[in-house]
Asker: 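Starting off with a structure, shown below.
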Amino acid sequence: MALFSLLVAILVERLKFLPQSWQLDSILNLYSKTLFGNKQLSSDVMMALALILPAIAVQVAMWAVNGIFWGLVSLTLWVAISILCFSHLKQRQLFKRYMQAACRGDSQACYHFADALDPNVSLDAVSEEELGAKVGQSAAWLNYRFYGAVALFLIILGPAGAVFYCTVRYFSDQNQEEKLELPLVEDVLMVLDWLPSRIFAFGYVLSGQFSQAFACWMQYALNIRSSAREVVTQVAQAAEPQPETSATPICTQSTLSLLQLSKRNFILLLVCLSMLTIFGVVA
């Protein structure tokens, strides 16, 4: 089910079938405002409940439909949840606007859209060339957050695991964007990202310049204190050599090269999942 669900979810996400109101972040925003609130979420107990409740609901639904109509209902639920978990129209639109601004040489707009791409970190780029490289790193990181990590949790823990990761990621982004200082969220996300980020980063080693990327992976991935973002972005940059100069005011080549590397890495993940499915390791 995992392979089929992933393929359908990626197809739907690429074709942009889901409107903004059906995006998972929109659903989680409604869920948070309806059942909780910023004041209630300041409590550790309420925050923990908000994080796990969607995953529990999904797991209960999976148990309830198990075996109905020869597993067809379970497959439908797998696919529907996968589509929701892979939806990230907001990030795709921001990246598209960044590239359009870069192509027309609008530096101010590029800095604006680049900062909005990832609210968890400030790019701090001092030049247009550095901005292109920084956005390339952000593209590699966002590819992990919205594709790689979700896929790994879906494969290993099923729909409930993917929903749990996406829920924690949503509250983390809200925490950074609105300066809420929510408890537990960042610590839980750090734990969830620790191993998947290292697995996904090793895919960059296999998808790019092996020798340089492997040395970088050994340096960061084996360091228990390295953050998930640091592991993913540094290994991705080592795996894909960056151009030294650019004919355009804002370097898009470095951004696109890291984006292509991320796509190759995700294809590698799908190939590995296909092999595991063929040999019966995963369902």
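Because the structure is a prediction, the values reported are computed rather than measured. When reading the values below, keep in mind they use all heavy atoms of this one structure, side chains included, and skip hydrogens, waters and symmetry mates.
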Asker: Mind checking what makes side-chain hydrogen bond (donor to acceptor under 3.5 Å, both in side chains) contact with Gln91, not counting sequence neighbours?
Answerer: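 Checked Gln91 against side-chain hydrogen bond (donor to acceptor under 3.5 Å, both in side chains); zero matches.
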Asker: Distance check, rounded to the nearest 0.5 Å: Leu3 atom CG versus Cys272 atom SG?
Answerer: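 So the gap between those two atoms works out to 11.5 Å.
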Asker: For Thr76 and Leu72, indicate whether the former's side chain and the latter's backbone hold a donor-acceptor pair under 3.5 Å.
Answerer: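 Checking the backbone N and O of Leu72 against the side chain of Thr76, a donor-acceptor pair under 3.5 Å is found.
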Asker: First locate atom SG of Cys110, then atom CE of Met99, and finally report the distance between them rounded to the nearest 0.5 Å.
Answerer: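 These two atoms lie 8.5 Å from each other.
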Asker: Can you measure from CG (Leu189) to CZ (Arg169) and round to the nearest 0.5 angstrom?
Answerer: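 CZ of Arg169 is found 9.5 Å from CG of Leu189.
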Asker: Main chain of Asn29, side chain of Ser32: is a donor-acceptor contact present, judged purely on distance under 3.5 Å?
Answerer: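 No; zero donor-acceptor contacts below 3.5 Å.
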Asker: Going hydrophobic residue to hydrophobic residue with side-chain gaps under 4.5 angstrom, can you get from Phe153 over to Val191?
Answerer: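 Result: no, two separate clusters.
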Asker: Tell me, please, which residues at least two apart from Glu177 pass side-chain hydrogen bond (donor to acceptor under 3.5 Å, both in side chains).
Answerer: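 So Glu177 forms a side-chain hydrogen bond (donor to acceptor under 3.5 Å, both in side chains) with Lys90.
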Asker: Answer yes or no: is there a donor N or O on one side and an acceptor on the other, between the side chain of Ser26 and the main chain of Trp22, under 3.5 Å?
Answerer: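 Flag not set: sc Ser26 to bb Trp22 has no pair under 3.5 Å.
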Asker: Quick one: does any side-chain atom of Ser274 pair with a main-chain N or O of Leu270 as donor and acceptor, under 3.5 Å?
Answerer: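 Yes: the side chain of Ser274 pairs with the backbone of Leu270.
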Asker: Using 0.5 Å steps for rounding, measure from the CG atom of Leu256 to the CG atom of Leu261.
Answerer: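 One gets 12.5 Å once the value is rounded to the nearest 0.5 Å.
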Asker: Please give me the minimum heavy-atom distance between Cys216 and Ala238, naming the atom from each residue.
Answerer: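 Minimum heavy-atom separation between Cys216 and Ala238: CB-CB, 3.7 Å.
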Asker: Residues in salt bridge (Lys or Arg N to Asp or Glu O under 4.0 Å) with Arg264, at least two apart?
Answerer: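 Salt bridge (Lys or Arg N to Asp or Glu O under 4.0 Å) list for Arg264, sorted by chain: Glu240.
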Asker: Tell me every residue that passes salt bridge (Lys or Arg N to Asp or Glu O under 4.0 Å) with Arg229, counting only those two or more places apart in sequence or in another chain.
Answerer: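 Result, salt bridge (Lys or Arg N to Asp or Glu O under 4.0 Å) vs Arg229: Asp118.
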Asker: Would you list the atom pairs, donor with acceptor, under 3.5 Å between side chains in residues 40-68 and any protein atom, with sequence neighbours excluded?
Answerer:
from  : atom 1 : to    : atom 2 : distance (Å)
Ser42 : OG     : Lys39 : O      : 2.5
Ser43 : OG     : Val45 : N      : 3.4

Asker: Could you check Val150 against Cys166 for side chain to side chain contact (heavy atoms under 4.5 Å, CB included), going step by step and ending with a plain yes or no?
Answerer: CA-CA 7 Å; Val150 177; Cys166 291; 3.9 Å; yes
Asker: Can you tell me how far the CD1 atom of Ile83 sits from the CG atom of Leu6, to the nearest 0.5 Å?
Answerer: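 The CD1 atom of Ile83 sits 11.0 Å away from the CG atom of Leu6.
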Asker: In chain order, what residues pass the ring pair (Phe, Tyr, Trp, His ring centres under 6.0 Å) check against Phe146, with sequence neighbours excluded?
Answerer: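 So Phe146 forms a ring pair (Phe, Tyr, Trp, His ring centres under 6.0 Å) with His88.
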Asker: Say whether Leu28 and Leu89 are linked into one hydrophobic cluster, either directly or through other cluster members, by side-chain heavy-atom distances under 4.5 angstrom.
Answerer: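 Shared cluster, no.
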Asker: Under a 4.5 Å side-chain heavy-atom rule over Ile, Leu, Val, Met, Phe, Trp and Tyr, are Met190 and Leu184 clustered together?
Answerer: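 No; tracing contacts between hydrophobic side chains, which count when under 4.5 Å, never links both residues.
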Asker: Can you tell me how far CZ of Phe171 sits from CG of Leu182, rounded to the nearest 0.5 angstrom?
Answerer: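 Between atom CG of Leu182 and atom CZ of Phe171 there are 7.5 Å.
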Asker: Kindly say whether Ala228 contributes a backbone atom to a donor-acceptor pair with the side chain of Trp141 at under 3.5 angstrom?
Answerer: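 No: the side chain of Trp141 does not pair with the backbone of Ala228.
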Asker: Per the side-chain contact (heavy atoms from CB on, under 4.5 Å) rule, which among Val12, Leu11, Ile81, Ile10 passes with Phe86?
Answerer: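 The passing option is Ile10.
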Asker: Donor-acceptor pairs under 3.5 Å, side chain of residues 201-215 to any protein atom, not counting sequence neighbours: which ones?
Answerer:
from   : atom 1 : to     : atom 2 : distance (Å)
Tyr204 : OH     : Ala140 : O      : 3.2
Tyr204 : OH     : Ser262 : OG     : 3.2
Ser207 : OG     : Gly203 : O      : 2.7

Asker: According to side chain to side chain contact (heavy atoms under 4.5 Å, CB included), who are the partners of Leu30, at least two apart in sequence or on a separate chain?
Answerer: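 For Leu30 the side chain to side chain contact (heavy atoms under 4.5 Å, CB included) partners, ignoring immediate neighbours, are Thr34.
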Asker: I'd like to know whether Trp78 forms a side chain to side chain contact (heavy atoms under 4.5 Å, CB included) with Leu154, so could you lay out the CA-CA distance, the side-chain angles of the two residues, the decisive distance to 0.1 Å, and finally the verdict.
Answerer: CA-CA 9 Å; Trp78 264 79; Leu154 184 68; 3.9 Å; yes
Asker: Going by side-chain hydrogen bond (donor to acceptor under 3.5 Å, both in side chains), name the pairs with one or both residues in residues 144-165, residues two or more places apart or in two chains.
Answerer: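 Sorted result for residues 144-165: Glu13-Tyr147, Tyr144-Asp193, Arg145-Asp173, Tyr165-Asp193.
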Asker: Could you work out, with ring pair (Phe, Tyr, Trp, His ring centres under 6.0 Å) as the rule, every residue matching Phe36, not counting sequence neighbours?
Answerer: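 Only Tyr31 meet the ring pair (Phe, Tyr, Trp, His ring centres under 6.0 Å) criterion with Phe36.
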Asker: Considering residues at least two apart in sequence or located in another chain, which fulfil the side chain to side chain contact (heavy atoms under 4.5 Å, CB included) criterion with Ala139?
Answerer: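 So Ala139 forms a side chain to side chain contact (heavy atoms under 4.5 Å, CB included) with Phe95, Leu259.
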Asker: Would you mind listing every salt bridge (charged side-chain N to carboxylate O under 4.0 Å, His left out) that reaches into residues 198-223, with sequence neighbours excluded?
Answerer: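 Residue pairs passing salt bridge (charged side-chain N to carboxylate O under 4.0 Å, His left out), neighbours aside: none found.
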Asker: For the residue pair Gln174 and Glu178, confirm or rule out a side-chain donor-acceptor distance under 3.5 Å.
Answerer: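 Yes - a donor-acceptor pair under 3.5 Å links their side chains.
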